[in-house]
Structure formats: C-alpha cells, structure tokens
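Beneath this line is the structure, given in structure tokens, with notes to follow.
Every chain is numbered from 1 and lettered A, B, ... according to where its sequence line falls, protein lines coming before strand lines.
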Amino acid sequence: MGNAEAPVELGAVRDRWVGVEFDWASFDMRVEDMVAWAKACGEQDPRFTDPDHTDFQAHPGFTTHCMSGRVLPDDFPQIGGGFGIDGGKNVQVHAPIRAGDTLHATTTIADVFDKTGRSGTMIFIVQRMEFRNDEGELVSTVDWKMIKKA
Amino acid sequence: MSHALSFEDIELGDELSESHPDVSMAAVTKFCHAAKHLFERFIDHEAARAEGFAGAIVPGIMSQGLLAAMVHRWAPGCIIKNIDTVFRGSLLVDSEIVMTGAVTDTDEAQRRIELDLTIIAEDGRTGVIGTATVEFPE
C-alpha cells in the first residue's frame, strides 16, 4: 500500500492531550425539550415530565445530546482508522438542571487507551464535557467513549 | 396498595422487574426531535439499511434514557447520580427489546446502591450494558 504511517505512541498522546480544553459552547435548557425527552424515554416521574412540579428538572442523561463544536482538538493526531464508533456514555449528575438554565460546557480529552480482544486492538478516546450553569455550578459531566480500530 | 421502595427495602442481588420499552418509530422519532438528533439512521429504515444496518437503530443516548426511566419506575423518588452505558450492538427501531437490572452493591452510609443494567435485542444479542449509582434521600 505504501502509505503506512508510524504508529502513534498512546502514552505520548495522553501526556500531551489529557485535560486540555479544546471547545467551549453554551446550551439553553428548554422546557419543551426536557419534557419531550423524558416522555419519549417512558419516564413517568413528574419531576421530569411535569414543568409545574416543584422539583422539575432534566432527565439524568439530557446533556448527552449537547454536542461540542469539535469532536477532537484541531491538532489531535490521527489514531486508528476512520471516525470511530460510539462506544457509550457515562453521565455524572452533580446537581439538577432546571428549565431556563443556560449551561456552559467545556470539552477536554479525558483519556486515551487501548484494549486488545478477539477482534484485535481497539483504541478508546474519551471526550469529556463538563456543564456548568450560570452560577458556575457543575451540574453534569458526560464522558463519551469513541472506539477506533488500531 | 404498594409502597414506594426505600433504601431499607433493598438487598444485594435484588432484581428490577423486566421492562419492555417502546422503541417504535413514533417513539424514537419523538426522542430524536427532543434531542435534535434527526439522523436518518434513527428515523428511516431504508436509509439505515443503505448505511449497512438491518434497519433504523435506537440512538444510544435514548437507550440510556430508557434505562434511567426504568430505574425511576422501580424506585420512585430515587436520584440517579451516575449512569454509565456501553453500546455493544444495535437495537432496532420497531423491535421488541428487554431491559433488566440488578443490585450489585449497597452503601448504607451514603444511602446509595449500584445497579447492573442490560438491554437485550429482539434476536437475543446484548445491545447495551451499563451501571448506575442511585441515591435514596432520607
């Protein structure tokens, strides 16, 4: 093929990129979307479906739909093949998200590692988005695992 | 009349009742509108097949939401502090899927439990596995 690239050393990638902020965005929490999301998930708890409930708030994973402007930093090395697949999401709920909140998200690379199994070696790139409300309170952290074939 | 499940009712190994969520095209389309996730692979069977899927697929973030709703139904009033899902395989829109869960740890001091969560596709494959940390207010 003649176009093989030198393998990327994951330890060096981790040292260079983990923890570096590379994207910033804001998201308005609209009551209609919060209710529609919860109901489409089969939610019956009025804390998530009734805007008049005293403790009305977003469903736990609501921030997972808030996408950063960039998936990876501009200068991030090409690791593995293609765009990769969505390996899953880990959501930490720190505090309730209320209707009308504007959330301010910062995006970092949280981890880069590999695993070898029956289908060969796969590379995991973990993108982390941290969401804070207008008071600066951390309300949600979403880790998105992107998986690429090594 | 049943009473709301409290932390004191829960024991290691307890299982959540099996749940069969609605992943019809109508339900998934509603979710995609709410999530601003209007990709054809989620809301159009033919377009999904053209991308190599067996049909339209349930968004991974919706499957996580379905699991969260199951936890809330099992323990009304509980607070999900963390939910971590791994997307292992596609779940097809308009199929029958089954969600299960089990208690794998309890922490009396924090009134928290750990759950294992699973979604099985209609053909028996495991589509999603996950864990959740759930808190029970006093």
Item to check | Side-chain heavy atoms of A:T64 within contact of B:H37, under 4.5 Å | outcome: no
Item to check | Rounded distance (nearest 0.5 Å) linking atom SG of A:C66 with atom NZ of B:K36 | outcome: 9.5 Å
Checklist entry - Under 6.0 Å from the CD atom of A:E32, do we count more than 12 heavy atoms belonging to anything else shown? => result yes
Checklist entry - In terms of hydrophobic clustering (I, L, V, M, F, W, Y; side-chain heavy atoms under 4.5 Å; direct or indirect links), are A:I147 and A:I79 co-clustered? => result no
Checklist entry - Looking at B:S63, B:A68, B:P76, which has the largest count of heavy-atom pairs under 4.5 Å with chain A? => result B:A68
Checklist entry - In terms of heavy-atom pairs under 4.5 Å with chain B, which of A:Q44, A:R30, A:M67, A:R47 leads? => result A:R47
Checklist entry - Are A:F76 and A:V126 connected, step by step, through hydrophobic side chains (Ile, Leu, Val, Met, Phe, Trp, Tyr) whose heavy atoms are closer than 4.5 Å? => result no
Checklist entry - If every non-hydrogen atom of B:A34 is compared with every non-hydrogen atom of A:A36, which pair is closest and at what distance? => result CB-CB, 3.6 Å
Checklist entry - Considering all heavy atoms of both residues, which atom of B:M62 and which atom of A:C41 are nearest to each other, and what is their separation? => result O-SG, 4.2 Å
Next on the checklist: Surrounding CD of B:E96 (heavy atoms of other residues, nucleotides or ligands, distance under 6.0 Å), is the total greater than 12?
Outcome noted: no
Item to check | Neighbour count >12 (heavy atoms, 6.0 Å) for atom CD, B:E108 | outcome: no
Item to check | Under 3.5 Å donor-acceptor, B:Q64 side chain and A:G61 backbone | outcome: no
Checklist outcome for this item: Rounded to the nearest 0.5 Å, the NE2 atom of B:H33 sits from the CG atom of A:D33 at a distance of 11.0 Å
Item to check | Atom NZ of A:K115: over 12 foreign heavy atoms under 6.0 Å | outcome: no
Item to check | Selection from B:A26, B:A69, B:A132 maximising heavy-atom pairs under 4.5 Å formed with chain A | outcome: B:A69
Item to check | Aromatic plane relationship, B:F31 with A:W37 - under 30° parallel, 30 to 60° tilted, over 60° perpendicular | outcome: tilted
Item to check | Engaged part of A:D86 at the chain B interface, taking heavy atoms whose separation is under 4.5 Å | outcome: both
Checklist entry - Nearest heavy-atom pair of B:H72 and A:F48: which atoms, and what distance? => result CE1-CE1, 3.2 Å
Checklist entry - Would a hydrophobic clustering, with Ile, Leu, Val, Met, Phe, Trp and Tyr connected at side-chain separations under 4.5 Å, put A:F27 with A:I97? => result yes
Next on the checklist: Contact between A:K39 and B:K30 at the side-chain level, heavy atoms closer than 4.5 Å - yes or no?
Outcome noted: no
Next on the checklist: For the CG atom of A:N90 and the CD1 atom of B:I83, what is their distance to the nearest 0.5 Å?
Outcome noted: 9.5 Å
Checklist entry - Considering only heavy atoms from C-beta outward, does the side chain of A:K145 approach that of B:D84 to under 4.5 Å? => result yes
Item to check | Hydrophobic cluster membership, A:W24 vs A:M29, 4.5 Å side-chain cutoff | outcome: no
Item to check | Interatomic distance, B:N82 atom CG to A:H94 atom NE2 [nearest 0.5 angstrom] | outcome: 8.5 Å
Item to check | Greatest number of heavy atom pairs closer than 4.5 Å to chain B - which of A:V35, A:D55, A:V93, A:T141 | outcome: A:V93
Checklist entry - Can you get from B:V86 to A:W144 by hopping between Ile, Leu, Val, Met, Phe, Trp and Tyr side chains that sit under 4.5 Å apart? => result no
